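Take a look at the structure below.
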2 protein chains.
Amino acid sequence: MERKTEQPRRRPRADYLRNRERLLTAAAEVFRTHGGQATLEGVAKAAGVGIGTLYRHFPTREALFEAVYRREIDQMVALAERLEGEADPVAALRQWVHASIRLIATKQGMLTALALAVDKSSEIYSYSYKSLTGAIARLLTRAKEAGRMREDVTPEDLLLTLIGMCLVRTGPEFEDDVTRLADLFLDGLTRG
Amino acid sequence: MERKTEQPRRRPRADYLRNRERLLTAAAEVFRTHGGQATLEGVAKAAGVGIGTLYRHFPTREALFEAVYRREIDQMVALAERLEGEADPVAALRQWVHASIRLIATKQGMLTALALAVDKSSEIYSYSYKSLTGAIARLLTRAKEAGRMREDVTPEDLLLTLIGMCLVRTGPEFEDDVTRLADLFLDGLTRG
DNA sequence: GAGTTATATGGAGGGTGCCTCCGCTTTCAA
DNA sequence: TTGAAAGCGGAGGCACCCTCCATATAACTC
């Protein structure tokens, strides 16, 4: 028998780490400016590496999206957890929605990129969907327990509506417009 | 001076009309099954014409979308006009929303196709947007005049939200899911 | 129904992006 | 210093985009 766990023979090569970092930085920038139509060759060029290198680091377009945006998803989840401490559960939910819209606004192209390119069966999709649904669920439950929220609203309802509203708007008015729409929706779900 | 209006010297050629019809039929089918990623070469093939013929009839991808879907937009507008006669203005609005979702459901791929491929400055976009906004405006005004609707809701709010909700769902559950979301939204806007 | 002309056809071809593959280079560590 | 594992880049094959034009054909004229 060999050893149970093969520990890596070598530490990662310096060029590997350097190129990976360059690719992520370049990709975030290129997606932000070009949206979902950004070409991967453009990302590689911006990062100053060959296209082959990009594909070895991120074998699919989705893998690249995932690496670029997982951080943002995690931020949204973390914020929801922090807001569980808020006294007013409806205010907490609304704050979370507003903050999420603001976050997405700074990453113009993120959502379009995800919606256009990401297969619903992919890992990044289910990871994001599950994390966010879970985060919303806790905020929602508190509001319901306080009797301040329609009982039949699910976390999915809220997440999907929020995403949909973000998808139909673009440009400089994004944050204001989407916030307005989301508030209309939230007003209708809440009491008090 | 020549004659003011040049009347066409000849009537349209039979093959022109035939091919145009074939292209529209094929395009509707291909978009329905493949969504916005459908290739135009695929459409030409399905129609049994050369790619060059497709491009002469519809010089851009958007021109083809426009020709295929203008009818559907017009249907939604016509329905809104018919519903202006309804006694209950809130019920009328809800009926319109439900019917629109049902219509879109049968054209799976329509919305994705439009959202992915259509530039916001294009003719089909502004035509659709204006027609639909106008149609909704009249339904909305009646509901407001009856004191049954938030005063600060605009037709754009409703249209964008509806489109957004349609964008985030796909598959066999489409109609039920989207109707549910839209009802949540409408409930929150209306009184009585 | 033959000739004339306007109109329409199809597909080759040049351009671009996708992704794979593999010979060469760099880094690590012995 | 040197062997080999790990990583690199870009050529190349494929698919699709769209244009262009030599060829084909429908409509009109007499």
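Below, chain A is the first sequence line, B the second, and so on; all start at residue 1. These numbers were taken from a predicted model, which means no experiment stands behind them.
With rounding to whole Å, A/Tyr16 atom OH is found 14 Å from D/dA5 atom C1'. Here C/dG10 presents its P atom at 9 Å from CZ of B/Arg22, a figure rounded to the nearest Å. Look at OH on B/Tyr55: it is 18 Å from P on C/dG14, rounded to the nearest Å. For the pair A/Leu54 CG and C/dC18 P, the computed distance is 10 Å after rounding to whole Å. Between the CG atom of A/Leu40 and the C1' atom of D/dG10 there is a distance of 15 Å, rounded to whole Å. The distance between atom CD of B/Glu21 and atom P of C/dT9, rounded to the nearest whole Å, is 14 Å. Per the geometry, CD1 belonging to A/Ile51 stands 18 Å off P belonging to D/dG7, to the nearest Å. A/Phe58 has its CZ atom 16 Å from the P atom of C/dT20, to the nearest Å.
B/Trp96 contributes no side-chain N or O that, together with a main-chain N or O of B/Glu81, makes up a donor-acceptor pair within less than 3.5 Å.
Heavy-atom nearest nucleotides on DNA chain D were determined for B/Ala14 and for B/Thr60, and the one closer to the 5' end corresponds to B/Thr60. Projected onto DNA chain C by closest heavy-atom contact, A/Gly42 and A/Gly52 fall at different nucleotides, the more 5' of which corresponds to A/Gly42. Heavy-atom nearest nucleotides on DNA chain D were determined for B/Thr39 and for B/Asp15, and the one closer to the 5' end corresponds to B/Thr39. Residue whose closest nucleotide on DNA chain C sits further toward the 5' end, between B/Gly50 and A/Arg56: B/Gly50.
The two atoms that bring A/Pro155 and A/Leu140 nearest to each other are N-CD2, 3.5 Å, heavy atoms only.
Evaluated for a salt bridge (Lys or Arg N to Asp or Glu O under 4.0 Å) with A/Asp88, the options A/Arg148, A/Arg94, A/Arg142 yield exactly one hit, A/Arg148.
Transitive grouping of hydrophobic side chains (ILVMFWY, heavy atoms separated by less than 4.5 Å) brings A/Val153 and B/Leu189 into a common cluster.
Here the nucleotide nearest the side chain of A/Arg61, chosen from D/dA27, C/dA8, C/dC18, is C/dC18.
Between B/His57 and C/dT9 there is a side-chain N or O to OP1 or OP2 distance below 4.0 Å. Checking the phosphate oxygens (OP1, OP2) of D/dA6, no side-chain nitrogen or oxygen of A/Arg11 falls inside 4.0 Å. OP1 or OP2 of C/dT9 has at least one side-chain nitrogen or oxygen of B/Asn19 nearer than 4.0 Å. Between A/Thr53 and D/dG7 there is no side-chain polar atom (N or O) within less than 4.0 angstrom of OP1 or OP2.
Not a single donor-acceptor pair, N or O on each side, falls under 3.5 Å between the base of D/dA26 and the side chain of B/Arg13. With hydrogens and angles left out, the side chain of B/Glu41 and the base of D/dC18 share a donor-acceptor pair within 3.5 Å. Below the 3.5 angstrom threshold, one finds a donor paired with an acceptor across the side chain of B/Arg10 and the base of C/dT5.
Surrounding NE2 of B/His98 are more than 12 heavy atoms belonging to other residues, nucleotides or ligands, all under 6.0 Å away.
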